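The structure displayed is predicted, hence computed values, not measured ones. Position 1 is the first residue of the sequence, and the numbers go up from there.
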Amino acid sequence: MCRKTKLKLKKLLAAVLTGAMLFSSAACSSPEEFYHEVILGETTSNGSKKKKKDKQKEEKTTEESLLTTESDLDDEEEIEYATTENAEFQALLQEYMIDTITSDTLTYNSLVRYRDSFPEAEEKMEIATLGDPSMDEDVLAEAKKNDEDFYNRLMEFEGVTMTEDEMFTFETLKEEYERGMLIYDHMEFYEPFSPMYGQQEGLTSNFVDYTFDDKKDVDDYISFSSDVRDFFGTLIEYEYKKSDAGYFMNDAVAEEVIEQCDEFMKEKEDHVLILSFDEKIDAVDFLTDEEKAEYKEKNKSNVLDIIIPAYQDLKDALEDLKGTGKNDKGICYYEGGKDYYANYIFPSRCGSSKTPEEEAKIMDDRWDELFVQLSSLYYSNTEGYNYYVDHDDEVFAKFDEMDINDLVDDLQENYLDRFPVEEKIPFTVKYMSDSVAKISETTVAYYQVCPLDDPNFNQIVVNPDFEDDRFNTLAHEGTPGHMLQFWYFRNTDPNPARNVAFNLGYIEGWAIYSSNYVLKEETIDTGSDYDDFIGKIAQIDMDLGYLMMGRADIGINYEGWDKDDVVDYLTGKVQEGMEEEVAEDLMTTSTGDPGAYLSYTTSFYEMEELRKYAEDELGSKFDEKEFHKVILETGPCQYQFLRKKVNKYIRENR
């Protein structure tokens with residue numbers, strides 16, 4: 001999960017549950033009646049009945065449009081595949097993989113552990129680089145031409161009989177390039193310094209996570225860290241161009257980025273990038289004491305004289321440009337913004353082939369259903385409901401007191417039998433240093449993706465200052481979440497192009513789905529009389545938080561909601577008096593990083609929908625472990641392609 005999302009979600013959940021409790025006690029009608037009358041404002045029985053009737057009709061239409069039909073399954077069955085690989089196509093996939101892992105030194109370091117694993121890539125990484133940040137027209141034109149050339153080479157294989165794996169890879173790459181090239185016609189929407197995914201936000205973790213396996217790693221680090229100010233400077237120039245064209249970020253977003261810069265620059269001699277570097281250098285055994293001292297001085301100079309000034313440059317530029325933004329609402333208020341959101345941002349973030357309209361309806365219906373469930377729980381056990389609202393931070397207290405290694409082991413021992421894993425996944429827990437933990441105060445833990453050439457090198461980075469929410473976080477980041485999905489897929493020895501697939505919708509969709517699965521299965525132990533009851537509320541609680549964030553994102557960026565619209569949407573959904581505060585938070589995040597929340601909502605619903613579809617088609621023949629095997633073996637891709645793999649599983653097991 002994105003590190004900043006965790007804190008926002010916790011904040012929203014508290015508001016949602018308290019709001020639901022307050023409104024649940026506002027009427028003596030049935031849960032469904034009170035929801036339609038109080039929350040939706042439908043005061044007549046005719047209105048409520050009409051809503052229910054329309055909803056049933058719409059649900060039927062949605063279900064018919066989303067589930068693959070029998071004819072689809074039959075059509076896929078008729079495809080003929082080659083029995084041997086196409087050498088030319090495999091060479092193209094190898095080229096694609098090499099280009100991906102050598103895009104910059106940080107990427108190469110994170111994905112390759114041993115230099116002799118990919119000799120061709122090693123040759124290309126002779127010079128350390130942060131990548132080319134230039135947004136000049138000639139540079140972009142060349143990048144577009146390179147992508148078009150690769151796409152044209154890829155399309156030479158259209159209609160060629162290939163193996164099943166090759167055909168699947170062809171289809172996924174074709175879609176990826178067709179969607180990805182849309183950005184070249186809308187570079188005005190690219191934001192290099194967005195609050196959640198911007199360069200300034202990711203630099204600290206990327207630099208801290210950079211590994212020193214040999215002397216060249218250290219030399220490369222010193223080299224590219226000395227380029228940070230020039231790197232930022234190029235992108236700052238682009239911000240001025242965006243401002244001149246009327247596309248600069250709104251003031252609320254700019255202020256959030258400025259605050260990030262202030263936080264980064266707060267320390268000097270004790271800066272996180274100095275302390276963490278020194279710790280890593282002290283731990284290596286391939287440098288002399290004299291070399292270590294020399295590298296420490298070089299890095300300190302880079303941090304104080306180059307990197308911190310780069311953040312000051314960014315802060316100065318943003319303060320200078322504040323007020324020049326022409327739009328404080330969603331991306332749809334820009335010309336072409338609505339189509340760009342629908343055709344690029346939406347599918348890129350969540351991996352879905354649905355339209356934003358379809359997804360908005362699914363979310364609205366889901367809210368109705370979840371709220372009715374929550375209201376029913378309230379009426380059935382008001383004391384238990386109130387206990388959860390008052391003690392939600394204590395529900396998983398027994399896990400928060402566990403050693404992290406023990407907790408990850410516990411998750412593996414108790415739940416991996418539902419997944420296609422015959423052995424314990426090897427892992428190490430790395431605790432953040434005090435300096436890193438201080439600047440990463442919103443981060444509980446995160447999984448550091450295993451290298452291509454060493455899938456058994458799994459590391460979970462943990463903030464030692466966090467002592468709550470460990471169960472959900474480690475189920476998401478560890479097993480059965482991110483660590484399981486990457487470890488399992490990499491161990492299937494996928495082809496080169498699939499091995500570097502990082503489809504965000506699939507990745508987060510699996511993590512939410514699997515951690516939610518664990519939450520369903522876990523026996524809550526609060527020491528109260530409400531444990532079984534509380535487990536049900538906790539699941540709905542989490543679902544509602546994700547749902548509200550995702551729905552607001554579509555409302556703001558596609559439907560054109562302004563702050564008042566968001567407040568109206570939140571009324572009755574959060575604690576009274578918090579609507580304004582939560583609305584401001586949602587507006588800033590959704591305008592600063594359009595589509596960011598969809599990775600945790602729509603992608604989860606897609607994964608959940610696939611399971612329901614397989615269960616409905618197979619009935620008693622559905623095998624949970626085999627279904628999970630299909631999902632994990634397929635690996636990151638858009639859901640339309642994942643559905644094809646599920647269809648094959650269904651055909652073979654009817």
Less than 3.5 Å apart, any donor N or O on the side chain of [X] or [Y] sitting next to an acceptor on the other?
X      : Y      : value
Tyr446 : Asp209 : yes
Asn458 : Tyr447 : yes
Asp410 : Asn414 : yes
Asp623 : Asn653 : no
Ser194 : Asp593 : yes
Asn503 : Gln638 : yes

Can you name the nearest heavy-atom pair linking [X] to [Y], along with the distance?
X      : Y      : answer
Leu416 : Glu423 : CD1-O, 4.4 Å
Ser515 : Asn472 : CB-O, 4.5 Å
Phe457 : Cys450 : O-CB, 3.4 Å
Gly509 : Tyr639 : CA-OH, 3.6 Å

Looking at [Y], is [X] sitting on its ring face, NZ or CZ under 6.0 Å from the six-membered ring centre and within 45 degrees of the normal?
X      : Y      : answer
Lys280 : Phe212 : yes
Arg643 : Tyr649 : no
Lys645 : Phe168 : yes

Does the distance from a Lys or Arg side-chain N to an Asp or Glu carboxylate O, for [X] and [Y], drop under 4.0 Å?
X      : Y      : value
Arg349 : Glu508 : no
Glu608 : Lys612 : no
Glu359 : Arg366 : no
Arg470 : Glu401 : no

Answer with yes or no after comparing the ring centroid distance for [X] and [Y] against a 6.0 Å cut-off, counting only values under it.
X      : Y      : answer
Phe604 : Tyr513 : no
Tyr221 : Phe277 : yes
Phe224 : Tyr210 : yes
His271 : Phe264 : yes
Phe486 : Phe489 : no

Sole residue of Asp278, Asp289, Asp282 in salt bridge (Lys or Arg N to Asp or Glu O under 4.0 Å) with Lys296 | Asp282
Does the side chain of [X] reach to within under 4.5 Å of the side chain of [Y], using non-hydrogen atoms?
X      : Y      : result
Tyr108 : Asp220 : no
Arg498 : Cys637 : yes
Tyr530 : Tyr388 : no
Thr473 : His476 : no

Derivation and outcome, salt bridge (Lys or Arg N to Asp or Glu O under 4.0 Å), residues Lys625 and Glu422 | CA-CA 12 Å; Lys625 195 170 185 176; Glu422 303 301 328; 3.8 Å; yes
Parallel, tilted or perpendicular: rings of Tyr600 and Tyr546 (30°, 60°) | parallel
Specify whether Phe419 and Trp510 have parallel, tilted or perpendicular ring planes, treating 30° as the upper limit for parallel and 60° as the lower limit for perpendicular.
-> perpendicular
Within residues 444-466 or reaching into it, pairs that qualify as salt bridge (charged side-chain N to carboxylate O under 4.0 Å, His left out) - sequence neighbours excluded = Arg113-Asp454
Would Lys424 and Glu413 count as a salt bridge (Lys or Arg N to Asp or Glu O under 4.0 Å) if you check the C-alpha gap in whole Å, the side-chain angles of each, and the deciding distance to 0.1 Å?
-> CA-CA 8 Å; Lys424 178 182 173 182; Glu413 291 170 4; 5.9 Å; no
Among Asp541, Asp543, Ile537, find the residue that satisfies the side chain to side chain contact (heavy atoms under 4.5 Å, CB included) test when tested with Leu374.
-> Ile537
Side chain to side chain contact (heavy atoms under 4.5 Å, CB included), paired with Ile101, selected from Leu111, Asn109, Asn499 | Leu111
